[in-house]
Amino acid sequence: MVGQAGDFIRDIVAAEAAAGKVVRTRFPPEPNGYLHIGHAKAICIDFGIAEEFGGSCNLRMDDTNPSKESMDYVEGIKRDIAWLGFKWDKLCFASDYFEQMYDYAVKLVGMGLAYVCELSSEDVRVSRGTLTEAGRGSPFRDRPVQENLELFKRMRGGEFPDGSMTLRAKIDMASPNLNLRDPVMYRILRVGHYRAKDKWCIYPSYDWAHGLEDSIEGITFSLCDLDFENHRPLYDWFLDKLEIHHPRQIEFARLNLSHTVMSKRKLMTLVEKRLVSGWDDPRMPTICGLRRRGFSPGAIRRFCSTIGVTKFNSLTDCALLDHCLREDLNKTATRAMAIIDPVKVVIENYPEGSTEMLEAVNNPEDPAAGTRKIPFSRELYIESGDFMDSPPPKFFRLSPGREVRLRYAYFIKCLRAVRDDSGNLVELRCSYDPETRGGNAADGRKVKGTIHWVSAAHSAVGEVRLYDRLFLEEKPDSEDYERLVNPESEKILLGCRLEPSLPQAKPGAVFQFERLGYFCADLKTHSPEKPVFNRTVPLRESWAKNRK
RNA sequence: UGGCCGAUGGUGUAAUGGUAGCACAACAGGUUCUGGCCCUGUUAGUCAAGGUUCGAGUCCUUGUCGGCCAGCCA
């Protein structure tokens, strides 16, 4: 019954639930774009609170403006929420309530609280006044009720051109809250609705529609972001005048994440300018982008609970997201070995043509994950960064004369580096110690370093895509995206060498490539014939920091 | 120059008039067949000034700074 760490909303809900109120919430996206990590925060709050208090949460498409909405977005939204692991009570559509909303509007007109206004949008803007000056009443403000009723009916009937009239609530043109200066309830819009088709040519505005949607569904807590704080008096006004079920609106701060952008418009710009490959580009903060990047639902939910719920406009460091990601993946990801920048190693004293199978642990954090066999042979690949001719102090890897452990295999010693005429490293000639099979020396001697490897002949060639933060700037607020996008946010590496089992991975499968990071088989392009892995997030690396 | 809302280490948050705590980040160390994980430690905070109170991060006043609002978007 009692939820997790109580934030200010949970405190309110807990108090009212204790007094007998049923907890019914809703998540109300407009189906005109894809969900992103900021929506995930709202989703976790809306669905999470309902769940914690034994209530329910509806998924409602707030489809009151047909110009940019579509069924594709509806499907995308449903898929993303389901993927996050939440179950909605009812799937609702604001468009299903249009008739009822119209009736309520007629009722309000009848009460003398709404009127048909013939001012142009420009004239409405001018007459609304400014932040410091009161507005002027519309010349149509005192139109008789009968005439309003008649005109409103004809608006619906399609007798007037788009934009020629609106239905406005009659509230207070001098209110310091501009939302109360006779807000528009209906506009004439001859645009086919993706569900209602051409049944309507008038559409309700957000302020008029939203409270009604909540009321009709019997919502008790209408949770939304801080932007709607100024709209709450209007939300309350409509419901009070109509004397219908009145949910409580509570606002919280939306999520801002460092080194990325979150608004639909900015995300759209990135897609349209081809600065990313699409809405599901692994660098995008969209749910589909994060999914393709290799995020788990658990990591996202953990992150959302870690950031909390407040009314403070904050900027969350993306390092916190990375932390939650690693925390989750460390426990669940199968380990594998892959070489993203290969250099060949020849073990001179290992018999030519022979192969042996060695046992490797699948996940040291989860014994139940078991072990697997990996092939070892005379020719291997290791990471080129794991070798240096003249290493600096505290370099624990390979260099001439030095011995390291090949993970789950043998100790090897570097005899010499072979270079071509231009000085490029061609291969490393090494020897191995047969007495160290499995990774431990019979004589008990230790090595400082353990490196990962794959057998040259048995490994698969694959593509690995390295991802990094989309923007270099913490808070990219200029529109100059071409210059702001991190040029190294995506690096495509070809000719990587993968452990033999990796090409068979199912698209979306997540691995930890030992010593490198977490990677997933790309959802769109990975295949056994042409393996493609995306780097979700690198492992923490204290060595790299020390070198600076 | 109107109204509403907010302000706690570098970042995100907790403390509901009674010892300012947690997490991330950073730094130092321990452990280790992943320079991962894990463990230990260090640095670092109540926007300001008044007031109420035995006692204020918390309540009051004023100020400062920040967010939102002048769509027939949501």
Side-chain angles (χ1 to χ4, degrees), chain A residues 5-8 11 28-30 32 62 64-65 67-68 117 119-122 124-126 128-135 162-168 175-181 183-189 202-203 205-207 209-210 224-233 251 253 258 264 306-324 326-327 330-331 335 337 360-361 364-365 394-397 404-409 411 436 438-440 446-452 474 512-518 538-546:
Chain A
D7 51 70
F8 80 99
D11 288 348
E30 184 186 10
N32 69 349
D62 198 7
T64 57
N65 183 355
S67 39
K68 293 161 290 178
C117 178
L119 249 26
S120 67
S121 57
E122 170 67 9
V124 168
R125 187 177 62 76
V126 171
R128 183 152 29 224
T130 67
L131 295 178
T132 51
E133 297 163 40
D162 285 12
S164 61
M165 289 179 180
T166 56
L167 183 73
R168 291 225 262 163
S175 171
N177 182 339
L178 304 226
N179 295 126
L180 262 21
R181 321 247 262 226
V184 169
M185 296 165 59
Y186 280 93
R187 70 274 209 187
I188 304 175
L189 217 55
I202 58 171
Y203 290 95
S205 65
Y206 170 87
D207 286 311
H210 204 85
C224 61
D225 75 71
L226 252 27
D227 287 0
F228 297 102
E229 229 165 359
N230 296 327
H231 295 249
R232 178 154 32 89
E251 313 85 11
S258 74
K264 265 179 201 169
T306 302
I307 58 177
V309 183
T310 67
K311 300 189 71 159
F312 179 62
N313 285 298
S314 57
L315 179 65
T316 299
D317 191 339
C318 63
L320 186 56
L321 216 208
D322 286 350
H323 167 77
C324 295
R326 292 193 185 102
E327 189 178 45
N330 176 49
K331 284 181 290 193
R335 312 291 129 122
M337 293 199 280
V361 172
E365 304 294 319
K394 291 190 181 169
F395 182 82
F396 302 144
R397 310 173 189 180
V404 298
R405 170 167 42 231
L406 294 179
R407 186 130 160 102
Y408 300 127
F411 286 8
T436 57
N440 287 302
K446 302 285 183 193
V447 284
K448 277 300 260 186
T450 300
I451 64 175
H452 60 286
E474 189 173 60
Q512 184 198 97
F513 287 176
E514 299 228 19
R515 300 210 304 134
L516 295 177
Y518 298 95
L539 253 27
R540 288 188 57 186
E541 232 284 69
S542 45
W543 166 245
K545 290 173 198 161
N546 289 341

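All of these numbers come straight from a predicted model, not from anything done at the bench. Residue numbering restarts at 1 for every chain, and letters A, B, ... go by the order of the sequence lines.
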Paired with [N]: which nucleotide, if any, by Watson-Crick or G-U wobble criteria at under 3.5 Å for both distances?
| N | answer |
| --- | --- |
| B:rU42 | B:rA26 |
| B:rC4 | B:rG67 |
| B:rA48 | B:rU62 |
| B:rC73 | none |
| B:rA56 | none |
| B:rA20 | none |

Between atom [atom1] in [X] and atom [atom2] in [N], what is the gap in whole Å?
| X | N | atom1 | atom2 | value |
| --- | --- | --- | --- | --- |
| A:Ile307 | B:rG12 | CD1 | P | 11 Å |
| A:Asp7 | B:rA14 | CG | P | 7 Å |
| A:Glu229 | B:rC4 | CD | P | 11 Å |
| A:Arg326 | B:rA25 | CZ | C1' | 11 Å |
| A:Arg405 | B:rU34 | CZ | C1' | 10 Å |
| A:Lys311 | B:rU16 | NZ | P | 20 Å |
| A:Arg125 | B:rA70 | CZ | P | 11 Å |
| A:Lys448 | B:rU31 | NZ | P | 9 Å |

Closest to the [X] side chain: [options]?
| X | options | answer |
| --- | --- | --- |
| A:Phe228 | B:rG2, B:rA74, B:rC72 | B:rA74 |
| A:Leu131 | B:rA70, B:rC68, B:rA25 | B:rA70 |
| A:Arg335 | B:rC72, B:rA25, B:rG36 | B:rG36 |
| A:Leu178 | B:rG35, B:rC24, B:rA70 | B:rA70 |
| A:Arg397 | B:rU34, B:rG35, B:rA74 | B:rG35 |

Would you say whether A:Trp543 stacks on B:rG35? The test is a distance between ring centres of less than 5.5 Å and an angle between planes of less than 30°.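 One would call A:Trp543 stacked on the B:rG35 base.
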Less than 5.5 Å between centroids and less than 30° between ring planes, does A:Phe312 satisfy that with B:rA7? no
Is any side-chain N or O of [X] closer than 4.0 Å to OP1 or OP2 of [N]?
| X | N | result |
| --- | --- | --- |
| A:Arg187 | B:rC73 | yes |
| A:His452 | B:rU34 | no |
| A:Thr310 | B:rU13 | yes |
| A:Thr450 | B:rU32 | no |
| A:Arg128 | B:rG71 | yes |
| A:Thr306 | B:rU13 | no |

To the nearest 0.5 angstrom, please state how far the CG atom of A:Asp317 sits from the OG atom of A:Ser258. 4.5 Å
Is the shortest heavy-atom distance from the side chain of [X] to the side chain of [Y] under 4.5 Å?
| X | Y | value |
| --- | --- | --- |
| A:Arg181 | A:Arg168 | no |
| A:Lys394 | A:Trp543 | yes |
| A:Asn330 | A:Tyr518 | yes |
| A:Lys264 | A:Asn32 | yes |

Between A:Thr436 (side chain only) and A:Phe411 (backbone N and O only), is there a donor and an acceptor less than 3.5 Å apart? yes
Are any side-chain N or O atoms of A:Arg326 and backbone N or O atoms of A:Pro538, one a donor and one an acceptor, separated by less than 3.5 Å?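 Answer holds: yes.
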Looking across every strand, which nucleic acid part, if any, lies under 4.0 Å from [X] by heavy atom: base, sugar-phosphate, or nothing?
| X | value |
| --- | --- |
| A:Gly308 | nothing |
| A:Thr166 | base |
| A:Asn440 | base |
| A:Leu406 | nothing |
| A:Ser205 | sugar-phosphate |
| A:Asp322 | nothing |
| A:Glu327 | nothing |
| A:Tyr408 | base |
| A:Ser121 | base |
| A:Pro28 | nothing |
| A:Leu180 | nothing |
| A:Thr64 | sugar-phosphate |
| A:Arg232 | nothing |
| A:Glu514 | base |

Is there, by distance only and without an angle test, a donor paired with an acceptor across the side chain of A:Asn230 and the base of B:rG3 below 3.5 Å? yes
Any donor-acceptor N/O pair under 3.5 Å between B:rC69 base and A:Asn179 side chain: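 Not at all, since no donor on one side and acceptor on the other fall under 3.5 Å apart.
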For atom NZ of A:Lys311, decide whether the heavy atoms of other residues, nucleotides or ligands shown that lie under 6.0 angstrom number more than 12. yes
Report the glycosidic orientation of B:rG67: syn if within 90° of 0, anti in every other case.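 Chi for B:rG67 falls in the anti range.
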Please state the [atom1] separation for the pair [N] and [M] - nearest whole angstrom.
| N | M | atom1 | answer |
| --- | --- | --- | --- |
| B:rG18 | B:rA28 | P | 39 Å |
| B:rA15 | B:rA56 | C1' | 13 Å |
| B:rU46 | B:rA14 | C1' | 12 Å |
| B:rC37 | B:rA44 | C1' | 27 Å |
| B:rA26 | B:rG10 | P | 16 Å |

Ignoring hydrogens, what is the shortest heavy-atom contact between A:Asp62 and A:Glu30? Give both atom names and the distance.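 Heavy atoms of A:Asp62 and A:Glu30 come nearest at O-CG, 3.4 Å.
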Smallest separation among heavy atoms of A:Ser205 and A:Val184, with atom names: OG-O, 2.7 Å
Assert: residue with more 5' nearest nucleotide on RNA chain B, out of A:Lys68 and A:Asn330, is A:Asn330
For A:Arg407 and for A:Ser314, find the nucleotide of RNA chain B with the closest heavy atom, then tell me which residue's nucleotide is more 5'.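 Upstream on the strand: A:Ser314.
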